[in-house]
Amino acid sequence: GASMSGDMIYKCWALHFIILTKFTCGEPLEHLLEEGEPFINTIAQSNDPNIYRLYLGLRQVILHLADKTEDGEGLDGNGFVEAEAYEQWRNGSFDAGVNWFSYLKMQTLYMDGDYEAAVKLGKQSEELLASNFGFWPMVKYYFYYSLALLGTYPDLSAAAEKKRLLDTVD
């Protein structure tokens, strides 16, 4: 395998995408947590801070959606600090990490019913969207951004605002 050939970074990305793909396909959260737990030490040993923080962020999203985080904790915890991760990814020009985690967070905000925060994050994420051109995370962006926009629809009062929102989603 990848460990035997020395390609530890490849192995870690593959482990991340195994859990991410299963998450995206709707596998039970408890199963993902159980399956992914042994990967943490392996990914930490890669000495690749980008994949390590991205994996910890994915894990925090899963823990949050499984109601296994403290109230008010947001997505920080268990070794993951969102602000530090964003800073590292931005300083290292790892735009994909910024995007991928932002899309996961936008999904989480939408599922929590915080449509305004999800829309705000979607608008912020738009500037780096091109860094994922042709990759499946773009689908996640448009899907959850559109759902979050539609979530704000009942709060809009002016017909022009409602039409603009529907035109954006269309």
Side-chain angles (χ1 to χ4, degrees), residues 13-33 35-36 50-78 80-90 93-158 160-170:
W13 281 103
L15 293 173
H16 171 78
F17 281 109
I18 287 169
I19 298 301
L20 182 61
T21 302
K22 289 180 176 190
F23 172 74
T24 302
C25 291
E27 289 240 352
L29 299 175
E30 293 291 336
H31 175 75
L32 295 175
L33 291 170
E35 183 178 349
N50 289 327
I51 183 59
Y52 183 62
R53 288 199 175 174
L54 198 56
Y55 188 75
L56 290 179
L58 171 60
R59 182 171 165 247
Q60 277 303 105
V61 166
I62 294 169
L63 285 165
H64 175 81
L65 293 173
D67 287 328
K68 293 187 177 280
T69 55
E70 298 295 320
D71 289 339
E73 184 179 30
L75 296 177
D76 288 344
N78 298 298
F80 181 76
V81 179
E82 183 180 336
E84 290 175 6
Y86 275 126
E87 181 180 356
Q88 176 192 323
W89 296 328
R90 285 188 178 104
S93 299
F94 185 50
D95 294 343
V98 172
N99 284 354
W100 296 343
F101 183 73
S102 293
Y103 305 161
L104 284 169
K105 183 175 180 181
M106 189 168 35
Q107 176 182 356
T108 302
L109 292 166
Y110 170 78
M111 294 175 85
D112 285 348
D114 193 348
Y115 308 129
E116 293 290 336
V119 168
K120 181 179 177 184
L121 183 57
K123 286 178 183 176
Q124 291 169 349
S125 300
E126 196 169 18
E127 71 182 62
L128 296 177
L129 194 56
S131 69
N132 280 303
F133 185 75
F135 291 99
W136 69 267
M138 283 186 77
V139 173
K140 189 174 208 121
Y141 167 83
Y142 284 112
F143 182 72
Y144 283 103
Y145 185 57
S146 295
L147 286 176
L149 283 169
L150 291 171
T152 66
Y153 185 85
D155 297 332
L156 301 176
S157 55
E161 286 179 310
K162 289 183 177 186
K163 180 173 179 354
R164 189 172 30 256
L165 183 139
L166 293 176
D167 287 345
T168 300
V169 171
D170 189 31

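Everything numeric here is computed off the predicted structure, so don't read it as measured data. Computation of the quantities below employed the complete heavy-atom set of this structure, encompassing side-chain atoms and omitting hydrogens, waters and symmetry-equivalent molecules.
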Spacing of [atom1] belonging to [X] relative to [atom2] belonging to [Y], to within rounding of 0.5 Å:
X: F23; Y: L33; atom1: CZ; atom2: CG; value: 10.5 Å
X: L15; Y: I51; atom1: CG; atom2: CD1; value: 8.5 Å
X: E27; Y: I62; atom1: CD; atom2: CD1; value: 10.5 Å
X: Y52; Y: H16; atom1: OH; atom2: NE2; value: 14.0 Å
X: K22; Y: T24; atom1: NZ; atom2: OG1; value: 12.5 Å
X: L128; Y: D95; atom1: CG; atom2: CG; value: 4.5 Å

Check your understanding: Is the shortest side-chain N to carboxylate O distance from K68 to E30 below 4.0 Å?
Key -> yes

Where is the tightest heavy-atom contact between [X] and [Y], given as atom of each residue plus distance?
X: N78; Y: L63; answer: ND2-CD1, 3.3 Å
X: S125; Y: Y103; answer: CB-CE2, 4.2 Å
X: G122; Y: Y145; answer: CA-CD1, 3.6 Å
X: L58; Y: L104; answer: CD1-CD1, 3.9 Å

pair [X]-[Y]: side-chain heavy atoms closer than 4.5 Å:
X: L65; Y: T108; result: yes
X: Q60; Y: E82; result: no
X: K120; Y: L109; result: no
X: Y110; Y: L150; result: no
X: R59; Y: F80; result: no

Check your understanding: When you check the side-chain N and O atoms of Y141 and S102, is any donor under 3.5 Å from an acceptor?
Key -> no

Check your understanding: So W100 and F94, would you call those rings parallel, tilted or perpendicular, with 30° and 60° as cut-offs?
Key -> perpendicular

**Study point:** Close aromatic pair by centroid cut-off 6.0 Å: Y86 and F101
**Key:** yes

Practice item. Report the C-alpha distance between L75 and V61 in whole Å, list the side-chain angles of each, state the deciding distance to 0.1 Å, and finish with yes or no for side chain to side chain contact (heavy atoms under 4.5 Å, CB included). Key: CA-CA 6 Å; L75 296 177; V61 166; 4.1 Å; yes

Check your understanding: Does Y144 have any side-chain hydrogen bond (donor to acceptor under 3.5 Å, both in side chains) partners at least two apart in sequence or in another chain, and if so, which?
Key -> Q107

Check your understanding: Going through the checks in order, is the side chain to side chain contact (heavy atoms under 4.5 Å, CB included) test met by E84 and R53?
Key -> CA-CA 9 Å; E84 290 175 6; R53 288 199 175 174; 3.5 Å; yes

